[in-house]
Amino acid sequence: MQRALDINRTRFADWYQAVVRDADMAETSPVRGAMVIKPWGYGVWEQIQQELDRRIKATGHENCYFPMFIPLSFIAKEAQHVEGFAKEMAIVTHHRLKTIDGKLQPDPDARLEEPLVVRPTSETIIGDAFSRWVRSYRDLPLLINQWANVVRWEMRPRLFLRTTEFLWQEGHTAHATAEEAVAETMKMLEVYRSFSEDYLAMPVIAGEKPENERFPGAEATYSIEAMMQDGKALQAGTSHFLGTHFAEAQGIKFQDDAGTITFCNTTSWGVSTRLIGGVIMTHGDDDGLRLPPAIAPKQIVIVPMLRDKPEDADVLAYCESLAAALSSIHVLGAPVRVLLDTKKIKSAEKRWNWVRRGAPIIVEIGPRDAAGGNVTFMRRDSLRDGDKVKSIACTRAEFLEEKAAQILAEIQHSLYAEAKVRLDANIKTGVTDWAGVEDYFKGSDDEFKGWLKVSWSKPSGAELEKVDTKLKALKLTIRNAPLQQPDSFAPCLFTGAPGVQEILIGRAY
RNA sequence: CGGGGCGUAGCUCAGCCUGGUAGAGCACUAGCUUUGGGAGCUAGGGGUCGAGAGUUCGAAUCCCUCCGCCCCGACCA
């Protein structure tokens, strides 16, 4: 059978790269590990950005922008933070180039007195500002967000999932009490959960990361974890309660109403362009990408079936009027995003390009549709009937008044439902000993493996280290401890001690 | 940084073992035909064979060094 991609999901890693390429999302660049995000991929990011920005502002935060260069001494202030990021930082050491022996190179006379680190995250430089901005309890809470690029010198980059430079949003807040900061941490975790599920149609499990997976310098780290179609987990967003660690390191203090000087409790939280990788691996199929209408840069693409004949003009005119009419319809709270694709390439080629890119509805208009006032279209969420592409026909009026809006909403829902079934069906419970874990994850790496939900005694320190090592041997990690916990627990799977918490175990990106 | 694979046309790759001076399919350009749906025929454009040095009368092919990419580890949003 002919598919729009030449690789299917049985070779998942290759398939992923094929989708990124063939759906025109991104490509590698001359800079190792850094990607070029192409218009269609960036369009998805813009949709994500727009809606998430709205939600971040709706919860009381304001946007700022801080420098991308951070003095080395700032990073050095928080010990765990240094340790966590030291191995992956890009550093600026010079401010001028010079031709020496015919070679353009950093001018030895232009060495910076204090090297600048290209931000891997901005806790330290924003904390420095906070230490000046906060004086009184009246200045709190301080609720700041920034949209930025960050750089982490990763060993093995993968487009969207782990690139040297990536785009993200990082929220940073300061509060008078730990309770307030914890509440903020949880609130933003919930913003991420609902955004991911409602908007990206990507079901996730929100929960707390174990101690060994915490953000360097955090008191507690929470994440949303999504299950990809190969069963692996993708950490799709994080929210950290930082306690007073950064406040103490950077002097973020305030005077309370009794006149006492106290350190603030701070939080930070972020999601990145990795979300796009998550969308691809959640919704993609063997014909390419399938985009949830909420984030599709174009929700309805009209492909005129032109044949270099006189009636082409009628077809085009009909398409133009259809596009105009569609633009005035609202779906999912915004006007429908329509594209009339007039690029001068073969119509059939166009159709398949849009299939690969994952446009939710692809409309094909030929002379007969134009003459009869009809619309023929395909739904990207259910493209095929068996092996054959499924074409749906209706009248123009029907499409405009009913079908277009209704089907876009349906696609948004059906993509979520499909992914939700997969997530729920592949979290195995009832495993109570290590042999059961080994049994569940045995076999080749290519085989689909979901997650296990097991009970444990939440060991820490050296005990936790042992658990971690044991899991690592099977390439497993603890993803998180879901927020929803049962009333009673089986004994700890690792130690046999009384269980206190349920955790998710799986392979991860 | 360790282990494996690989760099030849825009893409996917053949040729390399056994050295003789560049190929296929798709894509691209033009013409003709065809067309309710991923068309056919004909003609054409495009490559310092990843880079550098070496062996040789002659190197995509053999040797050396370097660079880059992919997969598997360690690291990670």
Side-chain angles (χ1 to χ4, degrees), chain A residues 1-7 11-14 16-18 21-22 27-33 83-89 120-121 148-170 192 209 213-216 221-226 233-240 268-278 287 303-309 311-312 315 344-356 362-372 374 376-378 388-389 391 393 444-446 469 472-473 475 477 507-509:
Chain A
M1 162 188 27
Q2 197 171 19
R3 292 282 186 179
L5 291 187
D6 45 17
I7 298 172
R11 288 161 57 201
F12 202 73
D14 293 337
Y16 176 77
Q17 291 190 73
R21 185 189 64 227
D22 292 350
E27 60 186 30
T28 53
S29 75
V31 183
R32 198 202 83 101
E83 211 184 308
F85 286 106
K87 282 176 285 182
E88 48 184 73
M89 293 213 259
T121 178
N149 57 340
V150 286
V151 168
R152 296 182 187 177
W153 215 262
E154 300 289 356
M155 293 302 167
R156 190 142 58 82
R158 292 246 270 148
L159 291 179
F160 289 117
L161 300 175
R162 202 185 306 104
T163 45
T164 303
E165 179 188 10
F166 58 93
L167 305 181
W168 77 348
Q169 145 286 307
E170 50 180 324
Y192 290 156
K209 286 278 186 187
E213 303 275 346
R214 264 179 213 150
F215 175 76
T221 287
Y222 296 83
S223 71
I224 51 170
E225 301 282 332
L234 184 76
Q235 182 172 313
T238 49
S239 187
H240 315 289
S268 68
W269 28 272
V271 299
S272 70
T273 35
R274 171 180 272 193
L275 286 177
I276 298 173
D287 287 301
V303 177
M305 307 306 286
L306 304 177
R307 305 185 301 177
D308 289 322
K309 293 248 171 91
E311 63 261 33
D312 279 5
V315 173
K344 289 188 180 0
I345 58 171
K346 272 181 236 154
S347 310
E349 193 61 37
K350 260 187 235 183
R351 173 226 271 210
W352 288 105
N353 287 342
W354 287 112
V355 167
R356 279 184 278 266
I362 301 164
V363 174
E364 293 182 316
I365 300 292
R368 221 173 292 163
D369 295 311
N374 292 319
T376 306
F377 66 95
M378 289 174 293
K388 280 185 63 185
V389 170
S391 245
S444 106
D445 287 0
D446 301 334
T469 308
K472 250 182 194 156
K475 297 182 197 165
T477 50
R507 295 195 172 136
Y509 275 96

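Letters go in sequence order (proteins before strands), and every chain restarts at 1. Worth saying up front: this structure is predicted, and the values here are computed from it rather than measured.
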Euclidean distance for C1', B:A27 against B:G44 (whole angstrom)
14 Å
Watson-Crick or G-U wobble mate for B:A59, both contacts under 3.5 Å:
none
Point-to-point distance, once rounded to the nearest 0.5 Å, from CD of A:E311 to CE of A:M305:
13.0 Å
Rounded distance (Å) that lies between atom P of B:U33 and atom NZ of A:K309
11 Å
What is the pairing partner of B:G19, taking Watson-Crick or G-U wobble pairs with both distances under 3.5 Å in any strand?
none
Can you sort out the partners of A:Y222 under side-chain hydrogen bond (donor to acceptor under 3.5 Å, both in side chains), two or more places apart, ordered by chain and number?
none
Tell me the interatomic distance from A:E364, atom CD, to B:G38, atom P, rounded to whole angstroms.
9 Å
Let me know the distance between CZ of A:R356 and P of B:G38, rounded to the nearest Å.
13 Å
Any salt bridge linking A:K209 with A:E225? Criterion: basic side-chain nitrogen under 4.0 Å from a carboxylate oxygen.
yes
Suppose you measure atom P in B:G38 against the same atom in B:A74; what distance do you get, rounded to whole Å?
47 Å
Whole-angstrom distance between B:A59 and B:U55, as gauged at atom C1'
10 Å
Which parts of nucleotides 70-77 of chain B does protein reach within less than 4.0 Å, heavy atoms only, written one letter per nucleotide 5' to 3' as B for base, S for sugar-phosphate only and - for none?
SSBBBBBB
Euclidean distance for C1', B:U18 against B:A60 (whole angstrom)
15 Å
What is the nucleic acid contact for A:G270, judged by heavy atoms within less than 4.0 Å: base, sugar-phosphate only, or nothing?
nothing
State, to 0.1 Å, how close A:Y192 and A:T238 come at their nearest heavy-atom pair, and which atoms those are.
CE1-O, 3.4 Å
Exercise: identify the closest heavy-atom pair between A:S347 and A:V303
O-CG1, 3.8 Å
What does A:S391 touch in the nucleic acid at a heavy-atom separation under 4.0 angstrom: a base, only the sugar-phosphate, or nothing?
nothing
Note: A:R3 and A:D287 closest approach over all heavy atoms is NH1-OD2, 2.8 Å
Partner lookup for B:G68, please. Criteria are Watson-Crick or G-U wobble with both distances under 3.5 angstrom; report none if nothing qualifies.
B:C6
Can you check the distance between B:G15 and B:G3, where both ends of the measurement are the P atom (answer in whole Å)?
27 Å
More than 12 heavy atoms of other residues, nucleotides or ligands under 6.0 Å from CH2 of A:W168: is that the case?
yes
What pair of heavy atoms forms the shortest contact from A:W153 to A:M89, and how long is it?
CB-N, 4.4 Å
Complementary nucleotide of B:C49, counting Watson-Crick and G-U pairs under 3.5 Å:
none
Let me know the distance between CG of A:D308 and P of B:A39, rounded to the nearest Å.
14 Å
When both hydrogen-bonding distances must be under 3.5 Å and the geometry is Watson-Crick or G-U wobble, what is B:G73 paired with, if anything?
B:C1
C1' atom, B:G45 versus B:A9: distance in rounded Å?
11 Å
Pick the P atom in B:G47 and in B:A51, then give their distance to the nearest Å.
14 Å
Output a table of nitrogen or oxygen pairs between the protein and nucleotides 3-13 of chain B separated by less than 3.5 Å.
none

In whole Å, what separates the C1' atom of B:C69 from that of B:U29?
31 Å
Looking at A:V315 and A:I365, what are the two nearest heavy atoms and their distance?
CG1-O, 3.5 Å
Nearest 0.5 Å, what's the OG1-CG distance between A:T273 and A:L159?
10.5 Å
What residues, two or more places apart in sequence or in another chain, satisfy side-chain hydrogen bond (donor to acceptor under 3.5 Å, both in side chains) together with A:E349?
none
Suppose we screen for side chain to side chain contact (heavy atoms under 4.5 Å, CB included). Which residues come up paired with A:E165, at least two apart in sequence or across chains?
A:N149, A:V151
Which nucleotide, in any strand shown, forms a Watson-Crick or G-U wobble pair with B:A43, with both distances under 3.5 Å?
B:U29
Non-hydrogen atoms of A:P216 and A:G84 that approach each other most closely
CG-CA, 3.6 Å
Does the protein touch nucleotides 25-31 of chain B at the base, only the backbone, or not at all? Give it as B, S and - per nucleotide, heavy atoms under 4.0 Å.
-------
